[in-house]
Amino acid sequence: MTQERIFEELNRIGVPTNVRGRYYIETALDWMLRQPGHRYAITKELYPMVAEVHGATAARVERAIRHAIASAFTRGNVEYLNRYFGYTVDSRKDKPTNSEFLTMVARRLQMKGENQYDPDQQS
């Protein structure tokens, strides 16, 4: 799996490419796929790592990812989102939390046969 596959999957979901959180999500998913079987401490590990890569703060990363997810659930591919997330999302909130979203997308990418992820592979 390459970063291109992450990019394509986020496009299918409907995460806008013009929001900063999109790039944070791409970085987070790349890291998650490089760490198969690792239990993700989203707040204590993932946000600070993404923040360091992008020269931001962990709080800004968290907020930007939340905004990107909200944008996807507002303007994204509703049919694909329903198939993708189904009943895993709390119906009172209408969208997953950052952690739920990142975990679900990472698992979905792995289940699509992408668990053979080679971060050094060039596409």
Side-chain angles (χ1 to χ4, degrees):
M1 165 126 150
T2 64
Q3 290 178 346
E4 182 177 307
R5 294 280 297 143
I6 293 170
F7 183 85
E8 291 171 2
E9 190 67 14
L10 293 177
N11 282 347
R12 276 188 223 106
I13 292 169
V15 179
T17 57
N18 65 336
V19 295
R20 188 175 310 256
R22 163 68 180 247
Y23 303 105
Y24 297 161
I25 291 171
E26 290 175 5
T27 301
L29 288 171
D30 184 53
W31 184 81
M32 291 171 80
L33 292 170
R34 289 176 188 256
Q35 309 291 324
H38 181 76
R39 301 273 309 176
Y40 313 109
I42 302 292
T43 303
K44 293 187 186 263
E45 292 178 20
L46 190 64
Y47 293 156
M49 183 279 304
V50 172
E52 185 176 327
V53 168
H54 291 278
T57 66
R60 283 185 181 177
V61 167
E62 184 274 329
R63 194 169 41 252
I65 288 175
R66 187 171 0 107
H67 173 71
I69 293 168
S71 295
F73 275 78
T74 301
R75 308 185 300 227
N77 183 340
V78 176
E79 182 180 317
Y80 192 72
L81 287 167
N82 286 335
R83 278 187 291 149
Y84 205 97
F85 292 95
Y87 296 102
T88 62
V89 176
D90 184 342
S91 60
R92 292 170 291 168
K93 294 185 284 185
D94 295 328
K95 64 181 177 61
T97 64
N98 290 3
S99 180
E100 290 169 336
F101 181 86
L102 292 169
T103 301
M104 181 69 76
V105 174
R107 285 183 182 159
R108 183 74 172 247
L109 288 168
Q110 289 173 339
M111 286 177 22
K112 285 184 173 183
E114 302 301 336
N115 56 353
Q116 304 301 320
Y117 181 61
D118 179 2
D120 299 320
Q121 177 184 353
Q122 298 295 318
S123 53

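What you see below is based on every heavy atom in this structure, not just the backbone, and it leaves out hydrogens, waters and symmetry mates. The model shown is predicted, which means the values in this text are computed figures rather than measured ones.
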How long is the gap from [atom1] on [X] to [atom2] on [Y], to the nearest 0.5 Å?
X	Y	atom1	atom2	answer
Ile6	Met32	CD1	CE	10.5 Å
Arg107	Leu33	CZ	CG	12.0 Å
Ile25	Phe7	CD1	CZ	12.5 Å
Tyr23	Leu10	OH	CG	11.0 Å
Trp31	Leu46	CH2	CG	6.0 Å

Checklist entry - ring-ring contact (aromatic ring centres under 6.0 Å, His included) with Tyr47: which residues, sequence neighbours excluded? => result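 If we apply the ring-ring contact (aromatic ring centres under 6.0 Å, His included) test to Tyr47, skipping adjacent residues, there are no hits.
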Item to check | Partner set under side chain to side chain contact (heavy atoms under 4.5 Å, CB included) for Ala70, not counting sequence neighbours | outcome: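 Expected list: Lys95.
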Next on the checklist: Suppose we screen for side chain to side chain contact (heavy atoms under 4.5 Å, CB included). Which residues come up paired with Ser99, at least two apart in sequence or across chains?
Outcome noted: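 With sequence neighbours excluded, Ser99 shows a side chain to side chain contact (heavy atoms under 4.5 Å, CB included) to Ile42, Thr97, Thr103, given in chain and number order.
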Item to check | Listed partners of Glu52 passing salt bridge (charged side-chain N to carboxylate O under 4.0 Å, His left out), at least two apart | outcome: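 Checked Glu52 against salt bridge (charged side-chain N to carboxylate O under 4.0 Å, His left out); zero matches.
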Item to check | Atom of Ala51, atom of Ala58 and distance for their closest heavy-atom approach | outcome: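 Distance-wise, the nearest heavy atoms are CB-N, 3.6 Å.
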Item to check | Minimum-distance pair of heavy atoms, taken over all atoms of Thr43 and Pro48 | outcome: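 Minimum heavy-atom contact is O-CD, 3.3 Å.
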Got a list of side-chain donor-acceptor pairs under 3.5 Å for residues 60-68, not counting sequence neighbours?
residue, atom, partner, partner atom, Å
Glu62, OE1, Arg66, NH2, 2.7
Glu62, OE2, Arg66, NE, 3.0
Glu62, OE2, Arg66, NH2, 3.0

Item to check | With sequence neighbours excluded, residues passing side chain to side chain donor-acceptor pair (under 3.5 Å) with Ser71 | outcome: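 Counting only residues at least two positions away or on another chain, Ser71 forms no side chain to side chain donor-acceptor pair (under 3.5 Å).
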Checklist entry - Shared ILVMFWY cluster between Leu102 and Met104, side chains joined below 4.5 angstrom? => result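 Hydrophobic grouping puts Leu102 with Met104.
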Can I get a per-line list of side-chain donor-acceptor pairs under 3.5 Å for residues 11-20, giving both atom names and the distance, sequence neighbours left out?
residue, atom, partner, partner atom, Å
Asn11, OD1, Arg22, NH1, 3.1
Asn11, OD1, Arg22, NH2, 2.9
Arg12, NH1, Glu9, OE1, 2.3

